[in-house]
Amino acid sequence: MAQGHEIMTVNSYNGGQITGWGIALGNDLVTNHDLASRMDTSDEWIKERTGISERRIGGTTAGLAVQAAKDALEVAGCSPEEIDLLVLATTTPDDQIPATSAMVQHLLGLKCGAMDLNAACSGFVYSLVTGFGMLALGNRRILVIGSETLSRVTDWEDRSTAILFGDGAGAFVIEASSDQSALLGWELSCDGSLRDILHAEIGGTIVMSGQEVFRKAVIAMTESALTSIKNAGLTPEDIALVIPHQANIRIIESAMKRLHIPMEKSVSVLHKTGNTSSASIPLALVDAVEDGRIQEGDNLLLVGFGAGMTSASAIVKWGGST
Ligand code: UT7
């Protein structure tokens, strides 16, 4: 992957903490058995090759984002008027124009700027890092959302991709704080020369060279994660929990092995969500919070990769109450 600058030290003077979170999933459950009744595949193949058992589809990108954001605002105990900026990660906007974040801003009653950010499946981490950057510029509360309706860009006749994707959203409120920043280290990368291995034309559906994406994903995730860990002044042993992009359990296993972090320290929700692109890391993070797997002071590694190809990682010291 094309690397950004090696060392990106976080300025801890203008820090921030995660104070709210929420999720939403598409209404309709689609199991592997449902897919097997429509195309030449099987529950066994999908589970063995991907780790996915079922996914939820339906809704709009704005609708799922609003649902997740309402819970995040409630957990944070803040009103829509108190949000200074909305950053919405999505690769499946509802309209070409305007940005989906404009609809979310309107539906939530926010009184602030709003922007979409498309870095494919790395989009949530890109948006989170952007949000922390805006806290450093003086914003006090930022809503960061990853929301996707991949079912709308899935070719339901193509068994090599139709089995993978689902719809959902995850939202986080981050707030300025005088304490040390929750964001300890980060890394963002992109290599646009790899466009052809994973893309969808405007109005088209996802086309993917699965094996090539798989190979590149493992390397990109590992490199990005190690850079973030180094930028945070930590080592892999300091990481309490890894929240990886939820694309394929075998990708997660390979990356964890290369990072020398035991698989038990990773979070996986893909068996019940499929790959929800920029919603996948927030869905997994909220799952871990709600399961009581995260303690105050834990160093979390969020790491994703996706079309572009992009990759992104962030080290977050958890300070939010669980
Ligand atoms: O968010 C980022 C986006 N994407 C990813 O991260 C995806 C990365 N890639 C992958 O997860 C995997 O490459 C896939 C799950 C997409 C495919 O798994 P694979 O182990 O790489 O399978 P393959 O493409 O090498 O195909 C193996 C065999 C082929 O049959 P032959 O040629 O060996 O007879 C395929 O035609 O499996 C066949 N196959 C299927 N069989 C049953 C492909 N899809 C299916 C299917 N059901 N759904």
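Counting starts at 1 for both ligands and their atoms, following the listed order. Numbering starts at 1 and runs along the sequence shown.
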Exercise. Please report which non-hydrogen protein atom sits nearest to atom 44 (N) of ligand 1, along with the residue it belongs to and the distance in Å to one decimal place.
Key: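 Nearest protein contact, heavy atoms only, for atom 44 (N) of ligand 1 is Trp45 CH2, 3.4 Å.
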Quiz prompt | Identity and distance of the protein heavy atom lying nearest atom 5 (C) of ligand 1 | solution =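 The answer is Val213 CG1, 3.8 Å.
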So, regarding [X] and ligand 1 (criterion: nitrogen or oxygen to nitrogen or oxygen, under 3.5 Å), is there a contact or not?
X: Gly210; answer: yes
X: Thr50; answer: no
X: Asn248; answer: yes
X: Thr41; answer: yes

Quiz prompt | Whether Gln105 side chain and Ala114 backbone form a donor-acceptor pair below 3.5 Å | solution =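 No, because the side chain of Gln105 does not come within donor-acceptor range (under 3.5 Å) of the backbone of Ala114.
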Quiz prompt | Donor-acceptor contact present, side-chain Thr154 to main-chain Trp156, <3.5 Å | solution =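 No: the side chain of Thr154 does not pair with the backbone of Trp156.
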Quiz item: Would you call Lys272 and Asp287 a salt bridge, taking side-chain N to carboxylate O under 4.0 Å as the test?
Solution: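 Salt bridge between Lys272 and Asp287, a charged N being under 4.0 Å from a carboxylate O: yes.
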Exercise. Using protein heavy atoms only, decide if any is under 4.0 Å from atom 40 (C) of ligand 1.
Key: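 Protein heavy atom within 4.0 Å of atom 40 (C) of ligand 1: present.
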Practice problem: Examine the side chains of Glu187 and Ser224 and answer whether a donor and an acceptor come within less than 3.5 Å of each other. | Solution: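 A donor-acceptor contact under 3.5 Å links the two side chains.
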Quiz item: So, Asp158 and Thr161: side-chain donor and acceptor under 3.5 Å apart, yes or no?
Solution: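 Yes, a side-chain donor-acceptor pair sits under 3.5 Å.
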